[in-house]
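Scroll down for the structure; my scribbles are underneath it.
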Number of protein chains: 2
Amino acid sequence: MAGVRVVVVDDDALVRAGLRMILGGAPDLEVVGEAADGQEALDVVARQLPDVVLMDIRMPRMDGLAATRRLRERGTTARIIVLTTFDTDEMVLTALQLGAAGFLLKDTPPADLVVAVRRVALGEPMLSPSVTSQLIAAVTRPAEDGRRRKARTLLARLTDREREVAVAVSDGLTNTEIARSLHLGVATVKTHVGSLFTKLEVTNRVQVARYVHDAADDR
Amino acid sequence: MAGVRVVVVDDDALVRAGLRMILGGAPDLEVVGEAADGQEALDVVARQLPDVVLMDIRMPRMDGLAATRRLRERGTTARIIVLTTFDTDEMVLTALQLGAAGFLLKDTPPADLVVAVRRVALGEPMLSPSVTSQLIAAVTRPAEDGRRRKARTLLARLTDREREVAVAVSDGLTNTEIARSLHLGVATVKTHVGSLFTKLEVTNRVQVARYVHDAADDR
DNA sequence: GACCGCCTCCACCGTCCGGTGGAGGGCTCA
DNA sequence: TGAGCCCTCCACCGGACGGTGGAGGCGGTC
């Protein structure tokens, strides 16, 4: 198969040279371009259409995150690996939300860097261990959990039909609207809603909505 | 340095044998115990005090997730790698919340498996690429955001009093209860609620609750 | 001082909601 | 073949909700 075409973006010429040397050592990788800031990066990527972009964050003119956003907006097919010295929570989440496929620290061993480029080129993600840890921490977040778990367990006790009705209720539909949307009689809907009140131990539909939101609510 | 002591937990003897062979091939790894279900795992881990536990999920008697929870509750120092064939969203999150240090699919190449055990022994996390992807997806979630922003801006347009009422409404209080809790007449509450409907462009209080939840909702 | 927005409250009225007590059919499982 | 659960639907009723059109006071601003 053809080699993986890589563009290196970093404001430090030494870093670029280092990366070029590391990646050049792998026969299946080819550095097809360099850029010293985000602005240049946009041009080079547009010209070279690389498979992978190694993108520093801290750069003059346009930083790596902004450049990543721009590239994504332009519908680039290049996978972007953000490469930086620091890994603040903010940055990691932002970068991933902007569509970065990888997030590596600059202390990544050369061999791992090569592996990362290959993997990302194949569409797999690649994160440094500490970044993975942050992600886990962000996802785990035991907060709220009490209420959320309670909501989940209570909702789990509902029958399928009741759960459908509960969701409809929490969407703000009236009984009549729910009946229409589920192809039921209004009386049936009322029965289900009544069961919801009993099972969830609430007295009105807003509280049902609370449960549904708590249970679903993101994390 | 001393070798990494590993316990293998899987109900399939063939799988255990395979893992033993793979890990045994690495001079710095040593399989010091096996278990065929979660219950056994607790015993073996207590006796061997391994550095790393490779834990299958689907097992009779006690599954891997329950065993992981138990081990953590007992304050084990062993790092646990969950090893499974499937990676449903639920499982991944649950496992990580229970304190698993790794989550690998059973199709992980032997070499990667060895690397994973070493890394986890050092306290680093190790996830299969597809698991990492799920995590990123869970964290990214660009959805909601639009709705959330909209909710925030609309709520910002409310007067202070209206916002108080909106919150009360979203807590599931009736107009009468809101009146009592804010020391107002019921008529006043009704007026405010009416304004809420107009300003938020909704027709009932459940939808008001949605806005409040969307705007406040955690992250 | 006149205007304007916010807060407070009132009356009226139709609709929807929530509570109660049913009934019949389908399903599974003992 | 019952018993038990779920789903479907009915009737009745009081109270809560939602819509409309007000009124008065209070604090700003032009």
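Remember, it's a predicted structure, so these values are computed and weren't measured experimentally. Below, read A as the first sequence line, B as the second, and so on, with proteins coming before strands; counting in each chain starts at 1.
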Quiz item: What nucleotide, of dG18(D), dC9(C), dG18(C), holds the atom closest to the side chain of L184(B)?
Solution: dC9(C)

Practice problem: Take the protein atom CZ of F197(B) and the nucleotide atom P of dT15(C), then report the distance between them rounded to whole Å. | Solution: 17 Å

Practice problem: Would you kindly give the CD1-to-C1' distance between I178(B) and dT8(C), to the nearest whole Å? | Solution: 16 Å

Practice problem: Step through the shown structure and confirm whether more than 12 heavy atoms of other residues, nucleotides or ligands are within 6.0 Å of CZ on R70(B). | Solution: no

Quiz item: Is there a side-chain polar atom (N or O) of T159(A) under 4.0 Å from OP1 or OP2 of dC5(D)?
Solution: no

Quiz item: Is it true that R119(A) and D112(A) have a side-chain N and a carboxylate O under 4.0 angstrom from each other?
Solution: no

Quiz item: Salt bridge between D63(A) and R58(A), side-chain N to carboxylate O under 4.0 Å?
Solution: no

Practice problem: Using whole Å, report how far CG of D160(B) lies from P of dG5(C). | Solution: 17 Å

Quiz item: Taking CD from E177(B) and P from dG15(D), how many angstroms apart are they, rounded to a whole number?
Solution: 16 Å

Practice problem: Decide whether N175(A) and R205(A) meet the rule of one side-chain donor and one side-chain acceptor closer than 3.5 Å. | Solution: yes

Self-check item: Distance test, side-chain N/O of T188(A) to OP1/OP2 of dC7(D), below 4.0 Å
Solution: no

Self-check item: Position toward the 5' end of DNA chain C (nearest nucleotide), L182(B) or K190(B)
Solution: L182(B)

Quiz item: Looking at N175(B), does any N or O in its side chain come under 4.0 Å of the phosphate oxygens OP1/OP2 on dC17(D)?
Solution: yes

Practice problem: Return the value, rounded to whole Å, for the distance between atom CG of L173(B) and atom P of dG18(C). | Solution: 14 Å

Quiz item: How long is the line joining NE2 of H183(B) and P of dT8(C), in whole Å?
Solution: 12 Å

Quiz item: What is the distance, rounded to the nearest whole Å, between atom CG of L158(A) and atom C1' of dC5(D)?
Solution: 15 Å

Exercise. Name the residue closer to the 5' end of DNA chain D, choosing between T191(A) and N204(B) according to the nucleotide with the nearest heavy atom.
Key: T191(A)

Practice problem: Report which part of the nucleic acid G194(A) touches: base, sugar-phosphate, or nothing (heavy-atom distance under 4.0 Å, all strands). | Solution: nothing

Quiz prompt | Nearest-angstrom distance from the residue atom NE2 of H192(B) to P of dC9(C) | solution = 8 Å

Quiz prompt | Given dT8(C), dC10(C), dG18(D), the nucleotide with the shortest approach to the side chain of A187(B) | solution = dC10(C)

Quiz item: In Å and rounded to the nearest 0.5 Å, what is the CZ to OG1 distance from R161(A) to T188(A)?
Solution: 8.5 Å

